[in-house]
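The next block holds one structure in the form of structure tokens; read it before the comments.
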Number of protein chains: 2
Amino acid sequence: MNATFGEYIRQLRTDKGLTLTELAALLKLDSANLSKIENGKREFDEKRLDKLAIAFDLDFERLKTEYFGDQFAKKMYEYKCSPETLIVAEEKMNYLKSINIKQAEIKF
Amino acid sequence: MNATFGEYIRQLRTDKGLTLTELAALLKLDSANLSKIENGKREFDEKRLDKLAIAFDLDFERLKTEYFGDQFAKKMYEYKCSPETLIVAEEKMNYLKSINIKQAEIKF
DNA sequence: GTAATATTGTCAATTATTGACAAGTTAATT
DNA sequence: AATTAACTTGTCAATAATTGACAATATTAC
């Protein structure tokens with residue numbers, strides 16, 4: 001799996017033989033806008049990830065991974081970021097976690 | 001280096017003995033808002049990265065890496081994304097590049 | 001051809017971000 | 001402890017970005 005998130009949705013939808021209108025209804029979304037999402041011309045709204053997971057019986061955590069991975073990739077591509085960016089992201093992520101742990105320790 | 005971007009700016013600023021007001025002027029920004037940025041209560045706007053690089057004589061690419069790495073880390077932390085997300089991001093990044101190459105090949 | 005499906009363009013409405021300034025706190029100095 | 005400089009916080013109008021909605025057009029399948 002390494003398509004964009006829009007391509008991924010289209011794959012899921014066509015595999016299940018759904019029309020844009022049908023899936024759009026499940027996602028509480030205009031079919032025209034779903035078309036744009038599949039074609040990478042609009043963003044899929046994070047708040048609909050749960051509906052998407054239900055519609056296709058997908059693991060929510062896995063879906064989140066695909067979704068945010070896609071977002072980060074787009075940003076990096078748009079701004080021509082070096083691959084190093086992802087390493088920094090991981091470090092900073094760990095840093096945020098460590099700060100949170102420290103703060104929790106102080107509070108109690 | 002693994003502080004947040006706000007902490008990083010504060011470090012640079014205090015190392016150079018600048019006040020919020022002084023740096024804010026260089027960045028064409030209100031000092032109150034710079035304070036919020038340093039304290040993680042507002043986002044640093046990407047369009048000011050160039051001014052920041054100049055103010056502290058930093059490598060722009062390196063700064064971008066810190067900046068976007070910070071953004072991704074915050075998102076992942078906020079949404080409790082798995083570390084796998086970054087691997088997916090890298091794959092999708094490569095996928096976007098490969099698509100672009102193919103499109104370029106078709107065009108000419 | 002036509003009917004179903006998908007795409008594109010547009011725009012008002014909603015939502016998010018920013019700039020600006022006032023009011024407050026903290027820290028250092030005398 | 002009064003003064004001043006430095007910093008923080010709250011607020012809100014202005015600006016910008018995103019979304020929902022729908023019409024118009026294009027594509028595909030029969």
Side-chain angles (χ1 to χ4, degrees), chain A residues 3-53 55-56 63-64 67-68 70-79 99 103 106-107, chain B residues 3-52 55-56 63-64 67-68 70-79 99 103 106:
Chain A
T4 65
F5 199 72
E7 289 167 346
Y8 174 49
I9 294 176
R10 169 148 298 182
Q11 186 74 56
L12 290 167
R13 177 174 67 80
T14 54
D15 281 359
K16 226 185 168 181
L18 295 176
T19 65
L20 282 173
T21 307
E22 288 165 341
L23 178 55
L26 294 176
L27 301 176
K28 307 254 185 283
L29 176 61
D30 187 296
S31 70
N33 291 328
L34 178 55
S35 168
K36 286 170 201 161
I37 288 168
E38 289 186 351
N39 290 297
K41 302 183 174 174
R42 266 201 195 205
E43 289 304 312
F44 185 84
D45 192 325
E46 168 263 326
K47 77 181 177 215
R48 270 187 268 257
L49 280 181
D50 56 345
K51 294 195 183 67
L52 189 63
F56 296 111
L63 196 54
K64 246 171 53 181
Y67 178 72
F68 288 104
D70 183 75
Q71 295 229 321
F72 298 164
K74 277 185 194 147
K75 263 267 151 90
M76 285 181 68
Y77 187 72
E78 180 182 358
Y79 288 99
I99 281 181
Q103 285 178 339
I106 290 161
K107 275 183 188 165
Chain B
T4 66
F5 199 72
E7 289 168 345
Y8 175 49
I9 293 176
R10 169 148 299 183
Q11 186 74 56
L12 289 167
R13 178 173 68 78
T14 54
D15 282 358
K16 226 185 167 182
L18 294 176
T19 65
L20 282 172
T21 307
E22 287 166 341
L23 178 56
L26 293 175
L27 300 176
K28 309 257 184 282
L29 174 62
D30 186 297
S31 69
N33 291 328
L34 179 54
S35 169
K36 287 171 200 159
I37 289 168
E38 288 186 350
N39 290 297
K41 303 187 170 168
R42 267 202 193 202
E43 289 305 311
F44 186 83
D45 191 325
E46 169 263 325
K47 76 181 178 213
R48 271 187 267 257
L49 280 180
D50 57 345
K51 293 194 184 68
L52 189 62
F56 295 110
L63 196 54
K64 247 171 52 181
Y67 178 72
F68 288 105
D70 183 75
Q71 296 229 322
F72 299 165
K74 277 184 194 148
K75 265 266 152 87
M76 287 181 68
Y77 188 73
E78 182 181 357
Y79 289 99
I99 281 181
Q103 284 179 339
I106 290 161

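Atom set for the values below is all heavy atoms of this structure, side chains included, hydrogens, waters and symmetry mates excluded. To find a chain, count down the sequence lines: A is the first, B the second, and so on, and within it residues start at 1.
Atom pair B:Leu34:CG and D:dT8:P shows a separation of 9 Å (rounding to whole Å applied). One can place CG of B:Asn39 at 13 Å from C1' of C:dT25, the figure rounded to the nearest angstrom. The distance between atom CZ of B:Phe44 and atom P of C:dG19, rounded to the nearest whole Å, is 11 Å. Look at NZ on A:Lys41: it is 11 Å from C1' on C:dG9, rounded to the nearest Å. One can place CG of A:Leu20 at 17 Å from P of D:dC22, the figure rounded to the nearest angstrom. Atom P of nucleotide C:dT7 and atom CD1 of A:Ile9 are separated by 13 Å, given to the nearest angstrom. Whole-Å rounding puts the A:Glu46 CD to C:dA16 P distance at 11 Å. A straight line from CZ of B:Arg42 to P of D:dT9 spans 13 Å, rounded to a whole angstrom.
Checking side-chain atoms of B:Asn39 against main-chain N and O of B:Lys41 turns up no donor-acceptor pair under 3.5 Å. Without hydrogens or angle criteria, B:Lys64 side chain to A:Tyr79 main chain gives a donor-acceptor distance under 3.5 Å. Counting only distance, with no hydrogens or angles, the side chain of B:Lys16 and the backbone of B:Ala55 share a donor-acceptor pair below 3.5 Å.
Set against D:dA6, C:dC11, D:dT8, the side chain of B:Thr19 has D:dA6 as its closest nucleotide. Among the nucleotides C:dT8, C:dT7, D:dT19, the one closest to any side-chain atom of A:Glu43 is D:dT19. Closest to the side chain of A:Lys47, from the set C:dT8, D:dG20, C:dG19, is D:dG20. For B:Asp45, whose side chain is taken as the heavy atoms from C-beta onward, the closest listed nucleotide among C:dT10, C:dG19, C:dT18 is C:dT18.
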Identify the pairs formed between an N or O of the protein and an N or O of nucleotides 26-30 of chain D at a distance under 3.5 Å, and give each distance.
none

Using a cut-off of under 3.5 Å, enumerate the N/O to N/O pairs linking the protein to nucleotides 21-24 of chain C.
none

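A close approach under 4.0 Å does not occur between any side-chain nitrogen or oxygen of A:Ser35 and OP1 or OP2 of C:dA6. Listed pair A:Arg48 / D:dT19 fails the phosphate criterion, with no side-chain N or O lying under 4.0 Å from OP1 or OP2.
Note: B:Tyr67 and B:Phe44 have perpendicular aromatic rings, judged against thresholds of 30 and 60 degrees for the angle between ring planes.
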* From CA spacing to verdict: side chain to side chain contact (heavy atoms under 4.5 Å, CB included), B:Phe72, A:Gln71 -> CA-CA 9 Å; B:Phe72 299 165; A:Gln71 295 229 321; over 6 Å; no
* Test log, rule side chain to side chain contact (heavy atoms under 4.5 Å, CB included), inputs B:Leu63 and B:Tyr8 -> CA-CA 10 Å; B:Leu63 196 54; B:Tyr8 175 49; 3.7 Å; yes
* Assess whether side chain to side chain contact (heavy atoms under 4.5 Å, CB included) is satisfied between A:Ile9 and A:Leu23, documenting all intermediate values. => CA-CA 10 Å; A:Ile9 294 176; A:Leu23 178 55; 3.9 Å; yes
* Per-nucleotide pairing state of DNA chain C [Watson-Crick or G-U, under 3.5 Å; [ ] pseudoknot-crossing; | other strand] -> ||||||||||||||||||||||||||||||
